[in-house]
Amino acid sequence: MARQRNSRQQKQGIQILKQKGLQAIVLGAAMLLVPPLFASSSILKTVASALRTPAWLALGIGVLLLGAYAIVKRMTVKTGDSTEGVAHTPSPAKSRGRLKLVEPTLAPIAEPTPPASSPTPASAWSPAVFAAIEWRRFEAVCEALFAQAGYTTRAQSHGADGGVDIWLHTAGTDKPVAVVQCKHWQGKPVGVKEIREFFGVMASNKLQRGIYATTSTYTEDAQQFAAANGIAAMDGPALLAMIAKRTPEQQQALLAVAHEGEYWKPTCASCGVKMLERTPSKGGAAFWGCSNFPKCKTRLQMLAAR
């Protein structure tokens, strides 16, 4: 318990360095940039001149604090590199769909992923197809489905995606008309928290339309918030109904996208590469680990073979 408490205190101290550094830089930049905007005022000219020295001092302090943050953060990452293969109970983290940069420890995902053995590809669309494929294949299917509907699509499939998986454009437009967030969840409904975050992404991009696509379902609060804010909340049955409206040739093309490559093997959300089956050195259940370990420590739970 003491070690965990010390670790939390250390992380809080590191974040404080970053926070104070950013605050100092913002303050310094404001003191340099805001007064000159009112150059017509002789008083503000005097204020701008007086603020120049403390502004540069604040910028310097901010740079020093961020430099200290980077050094301490790097030392923390190096200290955590030896944790591979250690069996422990993971805390919830963001599943792709949604995707976050992981902390410098083994980063679990709340939702289990398909088994290591390849299931037999399906010949027709059903909920079993969504259950068999990994999150990246689900995103690819959604992108192909909206392309069939007449949109020009642009995927943003891994790394810091800012809450966007697919940008939708109409012909002849550079600015997207809508954004799509994909959430490959099984057995866990999408809540209003996730929908609110997606609405924030829409607002930051000044978009009135958004599509949230999931293999799971939505809570009642999530459905109400989506309906009130221009978000089409599409669950697994709704996506299957949309696929059923495509021609037989288009449906088979979507199946080919779903079953492309090692479709059952998860992709690392941070690196965009296929993960490897690994077994803890001290025993325990097998799990998926990023092939870029130790640089990337993303870790996913593995479903038992079916």
Side-chain angles (χ1 to χ4, degrees), residues 90 92-99 107-148 155 157-158 165-166 180-191 194-195 198 211-219 222-223 232-246 248 250-269 272-278 285-290 298-306:
K94 185 180 179 185
S95 165
R96 176 53 185 163
R98 179 16 79 358
L99 280 322
I109 284 184
E111 289 299 313
T113 58
S117 57
S118 170
T120 302
S123 58
W125 277 98
S126 72
V129 176
F130 287 149
I133 63 177
E134 52 110 9
W135 68 264
R136 182 63 190 97
R137 289 293 90 211
F138 174 61
E139 285 187 3
V141 168
C142 290
E143 184 181 3
L145 181 59
F146 289 115
Q148 288 181 354
S157 62
H158 70 275
D165 292 321
I166 306 168
V180 183
Q181 175 72 43
C182 304
K183 186 77 71 175
H184 186 260
W185 278 2
Q186 301 179 48
K188 176 183 177 181
V190 175
E194 287 77 22
I195 302 299
F198 181 57
I211 301 171
Y212 206 103
T214 181
T215 54
S216 182
T217 57
Y218 296 89
T219 64
Q223 290 176 331
M234 303 187 68
D235 58 11
L239 288 170
L240 289 173
M242 185 175 177
I243 292 173
K245 294 179 181 179
R246 316 314 300 172
Q250 289 175 324
Q251 292 185 38
Q252 288 301 311
L254 292 172
L255 272 179
V257 172
H259 295 140
E260 181 180 322
E262 296 176 304
Y263 60 90
W264 68 94
K265 184 179 292 187
T267 300
C268 176
V273 298
K274 288 292 184 180
M275 305 181 80
L276 302 175
E277 180 181 359
R278 292 181 176 173
F287 62 91
W288 295 110
C290 182
T298 301
R299 170 179 175 170
L300 305 179
Q301 180 185 350
M302 184 183 294
L303 288 175
R306 291 168 291 186

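In this text the structure is predicted, and so the values were computed from the model without any measurement. Heavy atoms only: backbone and side chains are in, while hydrogens, waters and symmetry mates are out.
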Checklist entry - Roughly how far, to the nearest 0.5 Å, is CG of Leu240 from CE of Met234? => result 9.5 Å

Next on the checklist: Run the side-chain contact (heavy atoms from CB on, under 4.5 Å) test against Ala232 and tell me which residues pass, sequence neighbours left out.
Outcome noted: Ile211

Next on the checklist: Nearest 0.5 Å, please: how far is CZ in Phe146 from CE in Met242?
Outcome noted: 5.0 Å

Checklist entry - Just by distance, do the side chain of Gln148 and the backbone of Leu145 share a donor-acceptor pair under 3.5 Å? => result no

Checklist entry - Is it true that a side-chain atom of His184 and a backbone atom of Phe130 form a donor plus acceptor pair closer than 3.5 Å? => result yes

Checklist entry - Do Phe287 and Met275 pass the side-chain contact (heavy atoms from CB on, under 4.5 Å) test, and can you show the C-alpha distance, the side-chain angles, and the key distance before you say yes or no? => result CA-CA 10 Å; Phe287 62 91; Met275 305 181 80; over 6 Å; no

Next on the checklist: Whether the side chain of Tyr263 engages the backbone of Phe138 through a donor-acceptor N/O pair (distance < 3.5 Å, no angle test) should be reported.
Outcome noted: no

Next on the checklist: To check you understand the geometry: which heavy-atom pair defines the closest contact between Cys290 and Val273, and what is its length?
Outcome noted: SG-CG2, 4.2 Å

Next on the checklist: For Pro266, is there any backbone N or O sitting under 3.5 Å from a side-chain donor or acceptor partner on Arg136?
Outcome noted: no

Checklist outcome for this item: Applying side-chain contact (heavy atoms from CB on, under 4.5 Å) to Glu262 and not counting sequence neighbours gives Trp264, Lys265, Lys274

Checklist entry - Looking at OG1 of Thr217 and NZ of Lys188, how far apart are the two atoms once the value is rounded to the nearest 0.5 Å? => result 11.5 Å

Checklist entry - Got a second to check how far Lys183's NZ is from Ile195's CD1, nearest 0.5 Å? => result 9.0 Å

Item to check | Side chain Arg246, main chain Gln252, donor-acceptor under 3.5 Å | outcome: no

Item to check | Residue list, side-chain contact (heavy atoms from CB on, under 4.5 Å) with Ala258, at least two apart or on another chain | outcome: Trp125, Val129, Ile133, Val141

Checklist entry - So, do Trp288 and Glu277 sit near enough that their side-chain heavy atoms are less than 4.5 Å apart? => result yes

Checklist outcome for this item: Separation between SG (Cys142) and CD (Gln181), nearest 0.5 Å, reads 10.5 Å

Checklist entry - For Ser216, what residues pass the side-chain contact (heavy atoms from CB on, under 4.5 Å) criterion, not counting sequence neighbours? => result Trp185, Thr214

Item to check | Set of side-chain hydrogen bond (donor to acceptor under 3.5 Å, both in side chains) partners for Glu143, sequence neighbours left out | outcome: Thr153

Item to check | Which atom of Ile166 lies closest to which atom of Cys182, heavy atoms considered | outcome: CD1-SG, 4.0 Å

Item to check | Heavy-atom closest pair, residues Leu255 and Ala122 | outcome: CD1-O, 4.0 Å

